[in-house]
Amino acid sequence: MDALPPLVDHHCHGVVRGDLGLASFELLLTEAAAPAAAGTTYFDTQTGFAVRRWCPPLLGLEAHCPPAHYLARRRELGAYEVTRRLLRSTGIGTYLVDTGIPGDLTTPDELAAAGDARAREVVRLETLAERAADAAATPAAFVTAFAEAVHTASRTAVAFKSVAAYRHGLALEPSAPGPAEVRLAAADWLAGRAAGARLRDPVLLRHLLWSAVATGLPLQLHTGFGDPDLRLDHADPALLTDFAKATDGLGTDLVLLHGYPYHRQAAYLANVFPHVHADVGLALTHTGARAEAVLAEVLELVPFGKLLFSTDAYGLPELYVVGVRLYTRALERLLAGWVDEGAWSRQDARRVAGMVSAGNARRLYRLPDPGRDR
Amino acid sequence: MDALPPLVDHHCHGVVRGDLGLASFELLLTEAAAPAAAGTTYFDTQTGFAVRRWCPPLLGLEAHCPPAHYLARRRELGAYEVTRRLLRSTGIGTYLVDTGIPGDLTTPDELAAAGDARAREVVRLETLAERAADAAATPAAFVTAFAEAVHTASRTAVAFKSVAAYRHGLALEPSAPGPAEVRLAAADWLAGRAAGARLRDPVLLRHLLWSAVATGLPLQLHTGFGDPDLRLDHADPALLTDFAKATDGLGTDLVLLHGYPYHRQAAYLANVFPHVHADVGLALTHTGARAEAVLAEVLELVPFGKLLFSTDAYGLPELYVVGVRLYTRALERLLAGWVDEGAWSRQDARRVAGMVSAGNARRLYRLPDPGRDR
Amino acid sequence: MDALPPLVDHHCHGVVRGDLGLASFELLLTEAAAPAAAGTTYFDTQTGFAVRRWCPPLLGLEAHCPPAHYLARRRELGAYEVTRRLLRSTGIGTYLVDTGIPGDLTTPDELAAAGDARAREVVRLETLAERAADAAATPAAFVTAFAEAVHTASRTAVAFKSVAAYRHGLALEPSAPGPAEVRLAAADWLAGRAAGARLRDPVLLRHLLWSAVATGLPLQLHTGFGDPDLRLDHADPALLTDFAKATDGLGTDLVLLHGYPYHRQAAYLANVFPHVHADVGLALTHTGARAEAVLAEVLELVPFGKLLFSTDAYGLPELYVVGVRLYTRALERLLAGWVDEGAWSRQDARRVAGMVSAGNARRLYRLPDPGRDR
């Protein structure tokens, strides 16, 4: 297949700035929140094997070398240089960065500089709301401050993102809550915050979603697997069907992130609702040698104009490398297979590859055209 | 593999009689209810690519030619001739036609004539009930009229079909409702009909199902994906488990249609309940180049004596072509692979192919044997 | 790939002692509870075809010979000799036997003798509770007797097992019930037992689970498909997420058995909770020629240190043969494929094969090391 255009990674995160020891590196390979069980290691996962396959050669080592050798070489080069080398190997031209994860992570600008690429921001609604709550003395003040924050963000961000899947699950009433309901829920939440209450109230989460919908910017929604904060079956994108119906025709696009193991459900929603899109991110990175099979399942029902590439990389620049390599290899093998058996024409395969890798994201997020991108 | 016997398409629909423009044709390729999102087209789907692969050569064009060329050629030949050519290429010997979809569609007899084949009718319960309600002045009159309609239909139809999945979802109480309950529910529904209320009441839907069960004819149930009227997770066939238990041993067979992406669940029910059968229809047409993978998943748990071929074609004769080609190719490749690796014997593969393609449907729907079929 | 070490079958059952006729044999091929539908046979399933592939040659017949020939040869040799021959062909070195299924089945010792291997017992909680109830005059006596039974069993068993999935489903409150609650629930159940009430009360089932957790022995949980006593969607392992959270860090390991068709969900829980493990058992035996595809799906998210081989064989020694052959073939093909394409190193593949086949079970169940096993 012909070379792909510069990729648009439409959902990703910053990477850790400092050097990493073996244990911290290992913990960033997984969605788990605790060290691996005694006698096991997170390197013994598809993600771990994929990192060991693709990354050591980029730092001058043999593929599949032992993790300790890789980490030693990584420290020798230093995190800054490693990030630079790894990102520049990816072919990503544009990063759309969700900046809502706390921690000492690179900003979008730093990511762009390290990767010699462009970066734009995706703003996480729950983070905006938590900041608004920090400064708000009353529920009414919170509501106003959040509205202003959304308005301000909408001027520079390319999209909003919600992690309602983590906070309450996706079984939410589909309609926008009324102002009185929102104030009441805000009062409860503000009262509990001193004791550390996170934003989990379903009324407030719906208020966040509908505030984003009102801006007209695309709204990314986490669906499917993630860290153990989430209950998997409550993150099934099928639970968003009524929300998809309620937002149909309003002019705002929804993007269902990840979805695994419910990625066929996400593809179905993209099939029947014109404003719904699907993503391949996390699912490929975490399934490694199986990425082709997982991508194939997404490509069953999703209209090819509505599937978007992402890495969902977080913490480690290695996850950008792995996300890109797994994606491009999976896509090329799948499409080549379909072309070889006559199911797809070569031109269509080339066209679809370009759409999923960059074109769909450019259209959806209204990014400047590739010629003007660098 | 040897040639298949004439196929029995045990679940399909009429096709549009008149000529079609590009936009109307495109909308019939999808389960979506609205035009494709700006910048996208439903031709860019697995179904669209499958149509472009198989159909143009049947009308004298190159495979994968642009949609506009195909539509122009289609209008040149006229819908009547196109339907004739396409249907006669399929190898379908018997059509079991669900006549419950409104619109200017070919009747079973017209389909049989165009395809040089036989056709029998599958009667949709909700349509019968809506017609009974049109003529009924009182709930009691509705109940009587519906009972008579079911009785009359059972004399000529080969099966009943329910779309309860669309109307309420499959999470229904498994038992038959009592007469008083049914009358009460009928009264509510009749009162709401003036305002356009569709039959969505779970008590009435159960009454419909049990009325069909009482006839002894096979009962087809829509499960899994369909148009956006349906909520996907409410159409999971696993929700029918208690209904399967309640109807076990009564002598009436259940046929779970489609099922995707819950087709493994449908296959499971066919595995553990002797009277439950599964189908491959819609799932293959809409997954195109992936049909082999989807069929393989169904063939994990389903007993081979209880899987039935269908196209679920609707509106476009092209969907008959695609449904058959995808099915036969997928089946032949799968079985040939299993024979080559020694997992199945060649005789068993041939026998199973015949069962799924025609034999199981002939037994289930008590169709005359193939020799007497034409 | 190199030869595997002697396998540890970490979840299996006894086999029928006497000779079997065709009908009894056929019914043991399936999870269904009733004879096959008229015109069909359970030999026409992936399991049936797998048995006909692998077993006849072990008794001196041609692969895929007709079932009647196989059964005749089986009776000629006698059940004792057949069991001996079949088990000794498997390479299983250790059987961990769930003894909770009633019927005239071989004990773990008999299985070990027939297979020239070791056997240890897995104790089923619901069976222990039912025995405790048989002897108990009052709820308090039941509670004491059950506690003693668990304590006694924990001295010799390698693990406990729960079939809560069959009795109530897995949607249980995650916390341990209080003593008063347990006594009340026990009173209700004991009162109903005269009328044949099985242990289905969710409070008692939680009490059983937490009693096992308190021993520190691994706890095996049935998840996913099984016989029609179970409602499939109520056996989704994702429903155990809150129980996994509640037991995290307590030092007791959970093992999610089978899981199909929700095996990706089971693998996810093993991915994010250090004490959760997953299994391949039943799913491979019942999917036959598709075992490689199903195992591949499990290997997407499961950490390789937490996947365990089992056959879940029950009743027929043939199911041991089939479980082992399907597993080893599937594993070897998958890993060889990944090594060939460079995704995994050869050493890693060899190491993972050993871990899943035996090493993980040895660590988890604290079995003596292989050198001392025979």
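In the text below, chain A, chain B and the rest are named by the order of the sequence lines, each starting its count at 1. For the numbers below, each heavy atom of this structure counts, side chains included, while hydrogens, waters and symmetry mates do not.
Note on A/G249, A/P274, A/A244: by heavy-atom pairs under 4.5 Å with chain B, the leading option is A/P274.
The minimum heavy-atom distance between B/A38 and A/R363, with the atom names listed, is O-NE, 3.5 Å. Considering all non-hydrogen atoms of both residues, B/A32 and A/V272 come closest at CB-O, 3.6 Å. For the residue pair A/T241 and B/L230, the shortest heavy atom distance occurs at CG2-O, 4.2 Å.
Neither the backbone nor the side chain of A/L269 comes within contact range of chain B, judged by heavy atoms closer than 4.5 Å. Residue contact with chain A, scored on non-hydrogen atoms closer than 4.5 Å, involves the backbone of B/D229 exclusively. Heavy-atom distances place no part of B/R325 under 4.5 Å from chain A, backbone and side chain included. With a 4.5 Å cut-off on non-hydrogen atoms, B/T287 touches chain A through its backbone and its side chain both. Contact of A/V276 with chain B is not made at all, since no heavy-atom distance falls under 4.5 Å. Of the atoms belonging to A/W338, it is side-chain heavy atoms, and not backbone ones, that fall under 4.5 Å from chain B. Within the 4.5 angstrom heavy-atom criterion, only side-chain atoms of B/E297, from C-beta onward, approach chain A. If you measure heavy-atom distances from B/A63 to chain A, you find no contacts under 4.5 Å at all.
You'll find the side chain of B/F225 stays beyond 4.5 Å of the side chain of A/Q265, heavy atoms only. Looking at B/F43 and A/P303, their side chains never come closer than 4.5 Å, going by heavy atoms from C-beta outward. A heavy-atom distance below 4.5 Å is found between the side chains of A/V352 and B/F49. The closest side-chain heavy-atom distance from B/H64 to A/R346 is not below 4.5 Å.
Between atom CG of residue B/D44 and atom CG of residue A/N360 there is a gap of 9.0 Å, rounded to the nearest 0.5 Å. Here the CG atom belonging to B/D233 is positioned 10.0 Å from the CG atom belonging to A/L240, to the nearest 0.5 angstrom. How far CE of A/M355 is from OG1 of B/T40: 7.5 Å, rounded to the nearest 0.5 Å. To the nearest 0.5 angstrom, A/S345 atom OG is 11.5 Å from B/R53 atom CZ.
Under the 3.5 Å distance criterion, the side-chain polar atoms of B/Q46 are left unmatched by any main-chain donor or acceptor of A/L301. Counting only distance, with no hydrogens or angles, the side chain of A/K306 and the backbone of B/A37 share no donor-acceptor pair below 3.5 Å.
Under the 4.0 Å criterion applied to side-chain N and carboxylate O atoms, B/R290 and A/E341 are not assigned as salt-bridge partners.
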So B/E31 and A/Y268, side-chain hydrogen bond (donor to acceptor under 3.5 Å, both in side chains) or not? Walk me through it.
CA-CA 10 Å; B/E31 291 287 318; A/Y268 162 76; over 6 Å; no
Determine whether B/R231 and A/L239 satisfy the following criterion, side-chain contact (heavy atoms from CB on, under 4.5 Å), listing intermediate values before the conclusion.
CA-CA 9 Å; B/R231 186 158 142 183; A/L239 297 170; 3.4 Å; yes
